[in-house]
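Inspection log for the structure reproduced underneath, given as structure tokens.
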Number of protein chains: 2
Amino acid sequence: MPRRTPVPSNAELAILLILWREGPQTVRAVYDSLRRERDIGYTTVLKTMQLMAAKKLVTRDESERSHVYRAAVAEKSIKRRLVSDLLDRAFDGSAAQLVMQALSHKRASAEDLKKIRQLLKENSRGAR
Amino acid sequence: MPRRTPVPSNAELAILLILWREGPQTVRAVYDSLRRERDIGYTTVLKTMQLMAAKKLVTRDESERSHVYRAAVAEKSIKRRLVSDLLDRAFDGSAAQLVMQALSHKRASAEDLKKIRQLLKENSRGAR
DNA sequence: CGCAATATACGAAGGGCTTCGTACATTGCA
DNA sequence: TGCAATGTACGAAGCCCTTCGTATATTGCG
């Protein structure tokens, strides 16, 4: 059976964000990035990335001594699933409810609102 | 130190949704609701609700033999925190990004879009 | 009255996530 | 050349969540 890749855990997501943003890289490089944000051990990052490889969240190139890891899942699709999960878990599947929450949020800046309005405009043109 | 109530786990959130929607009720009533959706044992629900009481996510009235549980956290505030967490974990704090995901989602229905446009209109009036 | 039904309490198992320590191999430079 | 640095592998601990079984008390009805 083709099992869909699982939704990444927290630690896994943090690593995926780095790989998505900066492209394929070694454990060391990811570790350095993470280290800038918080205290964490090198082998912790290594282990997590090994588990991610086992889950097919990443692939790794082992041709060099320092393996190079690459995201094996699309940013869009993972983020879509994260949103989808939250939708199911808390908002009864209603995107409108979730968006309202997000919009009423402090951090929905004026800029954000502008972007969203723009998006909606485009969206309404292309809507079925 | 006044510790903020924790973000509810999955099982806890499912129970809170019921309490929010239907008001204070017994374990039995919650169990019946949950049972309609999936297989789960009565004592599982009981235990979870007891833990929720310990965490102050709910309060319970013990004056009757069947304790009556009531949500002790506001729906809005919990949902806000859920959105906030996702924002932090996956969207670099950008509400616009999250909203875009939610909007591009299949389940952002035409109705949802309408509601959201309406919301934005109001929002722009009240914006600082 | 006595028993079946229903309630709470709670220990414990099992799984997943995160973390780290330790073992061991390889590398490169003083 | 030999050692410090750097790499991978992996077991295991600790924590939380979820689940359920079991013990025990209470209730109400036939």
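As a basis for the values below, the full set of heavy atoms in this structure was taken, side chains included, without hydrogen atoms, waters or symmetry mates.
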Spacing between B/His67 atom NE2 and D/dA25 atom P, to the nearest angstrom = 15 Å

Atom pair distance, as rounded to whole Å: CG in B/Leu34 and C1' in D/dC20 | 15 Å

Report which part of the nucleic acid B/Thr44 touches: base, sugar-phosphate, or nothing (heavy-atom distance under 4.0 Å, all strands).
-> base

Between A/Asp61 and A/Ser63: side-chain donor-acceptor atoms closer than 3.5 Å | yes

Nearest listed nucleotide, side chain of A/Arg38, among D/dT19, C/dT19, D/dA9 = C/dT19

Classify the side chain of A/Arg65 versus the base of D/dT6 as yes if they form a donor-acceptor pair under 3.5 Å and no if they do not.
-> yes

Return the value, rounded to whole Å, for the distance between atom CG of B/Leu46 and atom C1' of C/dT8.
-> 6 Å

State which of D/dC10, D/dG7, D/dC20 makes the closest approach to the side chain of A/Gln50.
-> D/dC10

OP1 or OP2 of C/dT19 sitting under 4.0 Å from any side-chain N/O of A/Tyr42?
-> no

Give a yes or no on whether the backbone of B/Gly23 and the side-chain of B/Gln25 come within a donor-acceptor separation of less than 3.5 Å.
-> yes

Starting at the 5' end of DNA chain C, which residue's closest nucleotide do you reach first, A/Asp39 or A/Val7?
-> A/Val7

Indicate, with a heavy-atom threshold strictly under 4.0 Å, whether B/Thr26 touches base, sugar-phosphate, or nothing.
-> nothing

Identify which nucleotide among D/dG7, C/dC10, C/dC20 has an atom closest to any side-chain atom of A/Thr43, counting heavy atoms from C-beta outward.
-> C/dC20

Enclosure of A/Arg70 CZ (heavy-atom neighbours >12, cutoff 6.0 Å) = no

To the side chain of B/Ser9, which of C/dT8, D/dC17, C/dC17 is closest?
-> D/dC17

Nearest to the side chain of B/Lys55, which nucleotide is it out of D/dT6, D/dA9, D/dC17?
-> D/dC17

When the distance from NZ of A/Lys47 to P of C/dC17 is rounded to whole Å, what number comes out?
-> 13 Å

Length of the line joining A/Glu64:CD and D/dT6:C1', which is rounded to integer Å = 14 Å

At under 4.0 Å between heavy atoms, what does B/Leu51 touch on the DNA or RNA strands: base, sugar-phosphate, or nothing?
-> base

Just how far, in rounded Å, is P of D/dC20 from CE of B/Met49?
-> 16 Å

Does CD belonging to A/Glu64 count more than 12 external heavy atoms closer than 6.0 Å?
-> no

Within this structure, what is the CG-to-P distance between A/Leu57 and C/dT18, rounded to whole angstrom?
-> 11 Å

Might you point out which heavy atoms bring A/Ala72 and A/Lys56 nearest each other, and give the distance in Å?
-> CB-O, 3.6 Å

Measure from the side-chain heavy atoms of B/Val27 and tell me the nearest of C/dT8, D/dC20, C/dA7.
-> C/dT8

When the distance from CD1 of B/Ile40 to P of D/dT18 is rounded to whole Å, what number comes out?
-> 9 Å

